[in-house]
Visitor: 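What follows is a single structure, and I will ask about it in a moment.
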Amino acid sequence: MLKRRFRLKNKHEFKKTYQNGKTVANSYLVLYLIENKEIDDSKVAFAVGKRIGKAVVRNKIKRILREVYRKNMQAVKKNHYLIFIARAKIKGISYVNIEKSMLALLNKTGLISRK
RNA sequence: UGAGUAUGCUGGGUAAUCGCGGAUAUAAAUGCCGAAAGGCUGUAUCUGAGGAAAGUCCGAGCUCCAUAGGGCAGGGUGCUGGGUAACUCCCAGUGGAGGAGACUCCAAGGAAAGUGCCACAGAGAUAUACCGCCGAUGGCCGUUUUACGGCACAGGCAAGGGUGGAAAGGCGAGGUAAGAGCUCACCAGCAGCCAGGUGACUGGCUGGCUAGGUAAACCCCACCUGGAGCAAGACCGAAUAGAGGGGCAAUGGAACGGCCCGUUCCGCUCCCGGGUAAGGUCGCUUGAGGUGACGAGAGAUCGUCAUCCUAGAUAAAUGAUUGCCACCCCGUAAGGGGAACAGAACUCGGCUUACAGGCACACUCAUGUG
C-alpha cells in the first residue's frame, strides 16, 4: 500500500479527474489522468467495481495494482492525478500481466520514459 | 471391518526481505499545508479478518424523534415447562409423521361462532340416487282364490357396482322385503367422571351412538408489538446568510409509521450570540467479553474466584516475493502440481446459506473372531 499522501482521497479530486481528465485504455485497465501543478507528488486511486467479482477478488486485484504502482512510482512523473479502473477481463490475470498492462498505459501517456 | 446416526472442535506452521493501517514512546523545526477545525515526517517496539467477517432473516443494546403516551387499524407469534437482556433462538418433554435401528422431521390453538372453497371425474362433495337391491305395505294382473305367483306403478334402501384424495365411522355377527348403529362385540372418534403429572398429556371406567377436509382461506381466541437507524447522533467550523431560548394569542397549515386523540413547529414580541454545506474530530471498541478452576442443574444455562485486553479503517490497512516442515495428487525416482468457502465497517445473541481437508467422542445396524 502507498502512504496516504500519494493516495487520491477527496470527492472533488475524483470529480475533477473524471470530468476533465484524459483517458487511455487497454483490455485490462482504464486510466484517467490530469495534470495538477499545485501538488508536489502524483496522487493515485484504484477503482474495482462490483462487476469484477466478490469482495475477496476485488481486494486481491486492488492490492496487486497498488503493489505494481508502488514498485514503479519512482519513474512516474510528478504533478498528476491518476485513477486506474479495472475492467472485467482482469479477473484471473497474473501479477506479471497486470504489471505489463499498467506500464503500457503509463508509457502511452508519456508519464514514464520508455526503457 | 463395513454401512450409518448424532454432537463438538479445527480451518496449515515457521523464518526472511520489501511495503501498508493502528497504538505507544521518542526525535526534528517558534517547520510545512489549511480560513479554521485539524493534519503532515523519521526511528523503535507492540499489534492487525472469519467460522461463517456473508445473506441482512429475527432479537437486543446504543442514538435521535416527546418522557415513546392512549384508542383503532395493521403486523408478528401460536403444544407444554424451563433458559435468556431478548427472540420466531436454545434445552428438556408431550403429541403426530418417517425409518430395521441409532435417530430425524412438524407454522402442532380453534373446523359442534360464522362464511368461503373442495378442480377433473362423478347421479351426488353436508349433499345425491346413475347402475342396482327390494317391492314386506298399497296398487294392477293371473290362477287350482282368505293363499300363492307375476308386474315394477306408488313407495322403501344406501349393502354392492362405478367416479374420486375424500361418498354420512371401520369390520364381523344378528336383524330385515331389501337395508340401515336398527341391535351387539371389538377398534377409531366424542362427552363426562376418577387416578397420575407443574403442564402439554397419559391410563382406566361410564355414557350416548357419529361429528368430512381445508384456518402459510377469511375469521375467532390468547399473548406480543411506536418509528427510524452509526450516512444514528454529538462537537469544531470560512464564504453566504440564518438559527437557539423565554413569554403571548387565535384559528388554519405542516411534522411526529396509517387514522383519531395528544404533542411540537410555523405568527408576534423580548433575550442570547450562535448555527448550516464541503471538510475535520468524536461516536469507535471493556463487552449480556474471552480463558481456566470450582460449584448448582437432567440440559440449555447460571453462580463464585482467578486471570487476560485481542483490528478499528473511511475512495477504506492485513499485500508481494522466497526458503524449510506438514497435508493431498501424479511419478520407480529426481521432481512437478494443488490447497475450500470466503474479507471486519457501531456492538452483541441467534437463524440461514457456502465450505477442500483434518481431529475427538457417543450411539445404531450388519458381518467376523474370542
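Quick note on labels: first sequence line is chain A, next is B, and so on, each numbered from 1. From a predicted model like this one, the values you see are computed outputs, not experimental measurements.
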Visitor: How far, in whole Å, is B/G109 from B/G199 if one measures between their C1' atoms?
Guide: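 Comparing C1' positions in B/G199 and B/G109 gives a spacing of 16 Å.
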Visitor: Side chain of A/Val56 only, please: which of B/A315, B/A342, B/A49 is the nearest?
Guide: B/A342
Visitor: Syn or anti for B/A211, given that syn means the glycosidic angle lies within 90° of 0?
Guide: syn
Visitor: Watson-Crick or G-U wobble partner for B/C89, using a 3.5 Å limit on both distances?
Guide: B/G83
Visitor: Which part of the nucleic acid does A/Lys62 contact within heavy-atom distance under 4.0 Å: base, sugar-phosphate only, or nothing?
Guide: nothing
Visitor: Under the rule syn = chi within 90° of 0, otherwise anti, which is B/G181?
Guide: syn
Visitor: For residues A/Ile64 and A/Val57: do they belong to one hydrophobic cluster (side chain heavy atoms under 4.5 Å, members Ile, Leu, Val, Met, Phe, Trp, Tyr)?
Guide: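 As far as the 4.5 Å side-chain criterion goes, A/Val57 and A/Ile64 are connected within one cluster.
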Visitor: Of all the choices, B/A315, B/A342, B/C18, which nucleotide is nearest to the side chain of A/Ala45 once you look at every atom?
Guide: B/A315
Visitor: Identify which one of A/Asn107, A/Val68, A/Asn72 satisfies the side chain to side chain contact (heavy atoms under 4.5 Å, CB included) criterion when paired with A/Met102.
Guide: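 Only one option passes, and that is A/Val68.
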Visitor: Got a sec, which residues hit side-chain contact (heavy atoms from CB on, under 4.5 Å) with A/Lys71, two or more places apart in sequence or on another chain?
Guide: A/Glu67, A/Tyr95
Visitor: Roughly how far apart are A/Asn59 CG and A/Lys54 NZ, rounded to 0.5 Å?
Guide: 13.5 Å
Visitor: Give none if B/C363 has no partner; otherwise give the nucleotide forming a Watson-Crick or G-U wobble pair with it, both distances under 3.5 Å.
Guide: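 Partner of B/C363: B/G4.
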Visitor: Roughly how far apart are A/Leu105 CG and A/Leu31 CG, rounded to 0.5 Å?
Guide: 6.0 Å
Visitor: Taking the P atom in each of B/G31 and B/A36, what is the distance between them to the nearest angstrom?
Guide: 14 Å
Visitor: Can you see if the side chain of A/Arg63 gets near the phosphate of B/A320 - specifically, an N or O under 4.0 Å from OP1 or OP2?
Guide: no
Visitor: Under 3.5 Å for both donor-acceptor distances, Watson-Crick or wobble: does B/G48 have a partner, and if so which one?
Guide: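 Per the H-bond distance test, B/C20.
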Visitor: When rounded to the nearest 0.5 angstrom, what distance separates CD1 in A/Ile85 from CZ in A/Phe46?
Guide: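 One finds 12.0 Å between CD1 of A/Ile85 and CZ of A/Phe46.
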Visitor: Is the base of B/U146 syn or anti, if syn means a glycosidic angle within 90° of 0?
Guide: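 You should classify B/U146 as anti.
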Visitor: Please enumerate all protein N or O atoms sitting under 3.5 Å from an N or O of nucleotides 354-357 of chain B, with distances to 0.1 Å.
Guide:
none

Visitor: Under the side-chain contact (heavy atoms from CB on, under 4.5 Å) rule, collect the residues that match up with A/Ala25, sequence neighbours excluded.
Guide: A/Val30, A/Arg87
Visitor: Is B/A313 paired to anything, Watson-Crick or G-U wobble with both distances less than 3.5 Å, and if yes, which nucleotide?
Guide: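 Paired with no nucleotide.
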Visitor: Within the pair A/Arg66 and B/A317, is there a side-chain N or O less than 4.0 Å away from OP1 or OP2?
Guide: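 Yes, A/Arg66 has a side-chain N/O under 4.0 Å of OP1/OP2 on B/A317.
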Visitor: Under a 3.5 Å limit for both distances, which nucleotide forms a Watson-Crick or G-U wobble pair with B/G303, could you say?
Guide: B/C294
Visitor: Which residue, A/Ala55 or A/Ala47, contacts RNA chain B at a nucleotide closer to its 5' end, judged by nearest heavy atom?
Guide: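 Going by which nucleotide is closer to the 5' end, it is A/Ala47.
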